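What you are looking at is a predicted structure, and each value in this text was computed from that prediction instead of being measured. Protein chains get the first letters and strands the later ones, always in sequence-line order, with residue 1 at the start of each. These numbers come from the heavy atoms of this one structure, side chains and all, not from hydrogens, waters or symmetry mates.
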Amino acid sequence: MSDFNKNSLSEIAKLIKSKKVSSLEVTNHYIKNIKNGKKLNSFITTCFDEAIKKAKEFDNKKDFNGLLPGIPMAIKDLFCTKDVKTTAGSKILENFIPTYESSVTHNLWSEGAILLGKLNCDEFAMGSSNETSFFGNVINPLGKDLVPGGSSGGSASALAANLTPATIGTDTGGSIRQPASFTGTVGLKPTYGLCSRWGIVAFASSLDQAGPMTKNVEDCALMLEAISGYDKKDSTSINKKKENYSKNLNQKINGLKIGIPKEYRVTDMPQEIENIWKKGIDILKKSGAKIVDISLPHTKYALPTYYIVAPAEASSNLARYDGVKYGYRSKKGKNLVEMYENTRGEGFGDEVKRRVLIGTYVLSSGYYDAYYLKAQKVRRLIKNDFDETFKNIDAILTPSTPSSAFKIGEKTNDPISMYLNDIFTVPVNLAGIPAISIPAGLDNKGNPLGLQLISKALDEQKILNIAYAMEKSIAFKQSLSRWWE
Amino acid sequence: MSIDKNQVKKVAKLSRISLEDSKLESLSKDLASILNFVEQLNKLDTKKIEPLSSIVDKTLEPRTDKINDGKIKKDILKNSPDKNEDFFIVPKVVE
């Protein structure tokens, strides 16, 4: 059997399209890798029989014009998939089998992709290390004792270990970009409204966005092209023409103005992060971009704002898990209210409970103005910072995370230290703008570090092109020993 | 900001989440540390700032009041933990 571990998604798509290899060969290759990759715990559900059936059907087609011809692919278990269990990493949805398909995954299958399985994630996407999943920790392929990041930790781990050629995650405060950074892969959070949220298990609706996670920038453009687009079923979906991100991908960044925000130089930032940032700046200069010092004065308020807005929205979104219409129901309780309380008490994990409680508190009578309204006002200040700065520059370069992947259990006892992981990723979600993380080098332990490029709303092509140019100069290579096999 | 066990119990009641008594202590500590953290926002003067509730600059589009799917009773009931042919079944509500 052929080995596709060294091939990118774009290469595999070309191979299948030109009939040099069959979808079945590729599908079997990934099924073998998944079976050998159980130690990573990146999968919650696999659908091999159905995938093989679909691959054979694909191979019998005469011609095919989709972007993802017969490409087998695993996706985060936060996307509802018709007739395939969708858990959101939670006990409360342990046996939930959607009767409908999310719009984003529907787009993937329309472009020819085939579902391999559902990937582990933090419970309801609440976490930065994939340690809050009811289905257990996910392991980072870079080391047995390392977290893959979160919440799209299963997606990042499976991608880095070649258990899927590309994948999609969701990003509410960094859940695509932080795990991408921790695993040496590429992750993009699109503009809020570019990809439909319909059929995605909701966490914080004003922040959630689906986006691609891939091995390189070219694949990222291809995946974004496949999943984006207007959807009338999502009231916040942006109604605009679909863009050809992959066709328009180029490395011409000469003359672009790139901002370096001084507020991202946080206290106690490790020298290695500073170094990788400098390396990125040098590469951009050499490619002809102009480097501009900028200020985003409200940056330090982004994380506290996020930890009011996101839990508030979560507490309201998660009210639907009541043990009546779907999901787990407790057998304990004398009446309806006790049934609700026990169902949610037994069905939710600790981090989800913490956030629902915080959210309920900040929305409760007497505290609403002091917390929630205050946070909404500061959110405007954060957005204004970006609006102002993007009048003069094309994109912003920052580190993706304040550290490389940390050890399992290292931050589980202190919620705030865990939250601080998202310090560089959260502002973008609050402002609704896009950002991409690309691998930029290794720290002294040999673990990857990412750089983040941010643009104004709907300027994905620009950050993809800058990332594409930087990727070429960085020439990041990751060769893993496949110790898990 | 400190938050005591009784306040945690009250918020848990509002959230319809049962909590074991043994967890109240550590939860009140966690919630207090999160609230302390978010209270940094009080350093900012926001008197003249309008709150931002949606970043999508559009008003909701009206649609015609027309049924666009339906006859999916089976689908809707399919995932319920307790149901009969037509209804979700819940513990008795009215005495």
Closer than 3.5 angstrom, by distance alone: can the side chain of A:Lys374 be matched with the main-chain N or O of B:Leu44 as a donor-acceptor pair?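 Pair found, side chain donor or acceptor close to backbone of B:Leu44.
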
Start with the C-alpha gap between B:Lys13 and A:Val337, add the side-chain angles, then the distance that decides, and say whether side-chain contact (heavy atoms from CB on, under 4.5 Å) holds. CA-CA 10 Å; B:Lys13 187 80 199 165; A:Val337 170; 4.3 Å; yes

Would you say A:Lys456 has more than 12 foreign heavy atoms packed within less than 6.0 Å of its NZ?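 No, NZ of A:Lys456 has 12 or fewer neighbouring heavy atoms, counting only those of other groups under 6.0 Å.
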
How about NE2 on A:His106, more than 12 heavy atoms from neighbouring residues, nucleotides or ligands closer than 6.0 Å, or not?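 Check fails, neighbour count at 12 or below.
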
At a heavy-atom separation under 4.5 Å, does B:Val93 approach chain A through its side chain, its backbone, both, or neither?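 Just the side chain, heavy atoms under 4.5 Å.
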
Pair B:Ile17-A:Tyr340, side-chain contact (heavy atoms from CB on, under 4.5 Å): steps then yes or no: CA-CA 7 Å; B:Ile17 293 178; A:Tyr340 290 154; over 6 Å; no

Region of B:Leu31 that comes under 4.5 Å of a non-hydrogen atom in chain A: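 Both parts, heavy atoms under 4.5 Å.
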
Could you look at B:Phe88 and say if it's the side chain, the backbone, both or neither that has a heavy atom under 4.5 Å from chain A?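 For B:Phe88, the side chain is the part near chain A, not the backbone.
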
Would you mind telling me which of B:Leu19, B:Asn42, B:Ile76 has the largest number of heavy-atom pairs within less than 4.5 Å of chain A?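 If we count pairs closer than 4.5 Å to chain A, B:Asn42 comes out on top.
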
What pair of heavy atoms forms the shortest contact from A:Tyr371 to B:Glu39, and how long is it?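 Heavy-atom minimum between the residues: OH-OE2, 2.5 Å.
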
Do any N or O atoms from the side chain of A:Arg380 and from the backbone of B:Pro51 form a donor-acceptor pair under 3.5 angstrom?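 Checking the backbone N and O of B:Pro51 against the side chain of A:Arg380, a donor-acceptor pair under 3.5 Å is found.
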
Using non-hydrogen atoms only, which part of B:Leu77 is less than 4.5 Å away from chain A: side chain, backbone, both, or neither?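 Neither part, no heavy atoms under 4.5 Å.
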
Looking at B:Leu14, B:Val8, B:Ile55, which makes the most heavy-atom pairs under 4.5 Å with chain A?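 Top option by heavy-atom pairs under 4.5 Å: B:Ile55.
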
Considering all heavy atoms, the nearest B:Pro81-A:Gly323 contact: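 In this case the closest contact between B:Pro81 and A:Gly323 is CG-O, 3.2 Å.
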
Flag, side chain of A:Ser206 to backbone of B:Ser54, donor-acceptor distance under 3.5 Å: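 No, the answer is negative, given that no donor and acceptor are paired below the 3.5 Å cut-off.
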
Which atoms of A:Tyr306 are under 4.5 Å from chain B, going by heavy atoms: the side chain, the backbone, both sets, or neither?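 For A:Tyr306, no heavy atom lies under 4.5 Å from chain B.
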
Let's test your reading of the structure: which of B:Leu41, B:Asp75, B:Thr46 forms the most heavy-atom pairs below 4.5 Å with chain A?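 Looking at each of B:Leu41, B:Asp75, B:Thr46 in turn, B:Leu41 comes out on top.
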
Which members of residues 308-319 of chain A, sorted by number, sit under 4.5 angstrom from chain B on a heavy-atom basis?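 Residues A:Ile308 are the ones that qualify, each having a heavy atom under 4.5 Å from chain B.
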
As an exercise: rank B:Glu50, B:Arg63, B:Gln40 by heavy-atom pairs under 4.5 Å with chain A and give me the winner.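 Going by pairs under 4.5 Å, I would pick B:Glu50.
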
What distance do B:Lys83 atom NZ and A:Tyr326 atom OH have between them, rounded to the nearest 0.5 Å?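 Nearest 0.5 Å value for the NZ-OH distance: 14.5 Å.
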
Based on non-hydrogen pairs under 4.5 Å, which of B:Asn68, B:Ile89, B:Ile72 is most in contact with chain A?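 Greatest number of close heavy-atom pairs with chain A: B:Ile89.
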
CZ/B:Phe87: more than 12 non-hydrogen atoms of other groups inside 6.0 Å: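 Check fails, neighbour count at 12 or below.
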
Taking all non-hydrogen atoms of both residues into account, name the closest pair between B:Val38 and A:Pro304 and its distance.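 Of all heavy-atom pairs spanning B:Val38 and A:Pro304, the closest is CG1-O, 3.5 Å.
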
Under 3.5 Å, side chain of A:Arg344 to main-chain N/O of B:Ser15, donor-acceptor pair present?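 Pair found, side chain donor or acceptor close to backbone of B:Ser15.
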
For A:Lys383, which atoms come within 4.5 Å of any heavy atom of chain B: side chain, backbone, both, or neither?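 Just the side chain, heavy atoms under 4.5 Å.
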
If only atom types and distance count, is the side chain of A:Arg379 paired as donor or acceptor with the main-chain N or O of B:Leu52 below 3.5 Å?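 Pair absent, no side-chain N/O of A:Arg379 close to backbone of B:Leu52.
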
Structural part of B:Lys92 lying under 4.5 Å from a heavy atom of chain A: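 Contact with chain A: backbone only.
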
Hey, is B:Arg16 close enough to A:Asp322 for a salt bridge, meaning N to O under 4.0 Å?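 So B:Arg16 does not pair with A:Asp322 through a salt bridge.
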
So how far is it from A:Ile416 CD1 to B:Asn36 CG, rounded to the nearest 0.5 Å?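 Nearest 0.5 Å value for the CD1-CG distance: 8.5 Å.
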
Contacting region of A:Tyr419 [heavy-atom separation from chain B under 4.5 Å]: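 Just its side chain gets close to chain B.
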
Quick check against the 3.5 Å criterion: does B:Asn79 have a side-chain atom that pairs as donor or acceptor with the backbone of A:Ile97?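 Side chain of B:Asn79 to backbone of A:Ile97, a donor-acceptor pair under 3.5 Å: yes, one is there.
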
Reported CG-to-CE distance for the pair B:Asp82 and A:Met339, which is rounded to 0.5 angstrom: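 It comes to 9.0 Å.
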
Please say whether more than 12 non-hydrogen atoms of neighbouring residues, nucleotides or ligands are located less than 6.0 Å from NZ in B:Lys10.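 Open.
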
Begin from the C-alpha positions of A:Lys325 and B:Ser80 and carry the test side-chain contact (heavy atoms from CB on, under 4.5 Å) through to its verdict. CA-CA 5 Å; A:Lys325 300 178 291 298; B:Ser80 174; 5.9 Å; no

Sort A:Thr343 into side chain, backbone, both or neither according to what part of it lies under 4.5 angstrom from a heavy atom of chain B.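 Neither part.
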
Report which part of A:Asn95 has an atom under 4.5 Å of a heavy atom belonging to chain B: side chain, backbone, both, or neither.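 The backbone, not the side chain.
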
Heavy atoms only: give me the nearest B:Lys47-A:Lys377 pair and the separation to one decimal.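 So the two residues come closest at O-NZ, 4.4 Å.
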
A:Lys332, NZ: over 12 other non-hydrogen atoms inside 6.0 angstrom: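 Result for NZ/A:Lys332: open.
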
So which part of B:Leu60 gets closer than 4.5 Å to some heavy atom of chain A, the side chain, the backbone, both or neither?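 Just the side chain, heavy atoms under 4.5 Å.
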
Is chain A contacted by the side chain of B:Lys29, its backbone, both, or neither, given a heavy-atom distance below 4.5 Å?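 Neither; nothing under 4.5 Å.
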
Quick check: are there more than 12 heavy atoms from other residues, nucleotides or ligands sitting under 6.0 Å from NZ of B:Lys9?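 No, the 6.0 Å shell around NZ holds no more than 12 heavy atoms from other groups.
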
With chain B as the partner, which of A:Asp350, A:Leu207, A:Thr191 has the greatest number of non-hydrogen pairs under 4.5 Å?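 Top option by heavy-atom pairs under 4.5 Å: A:Asp350.
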
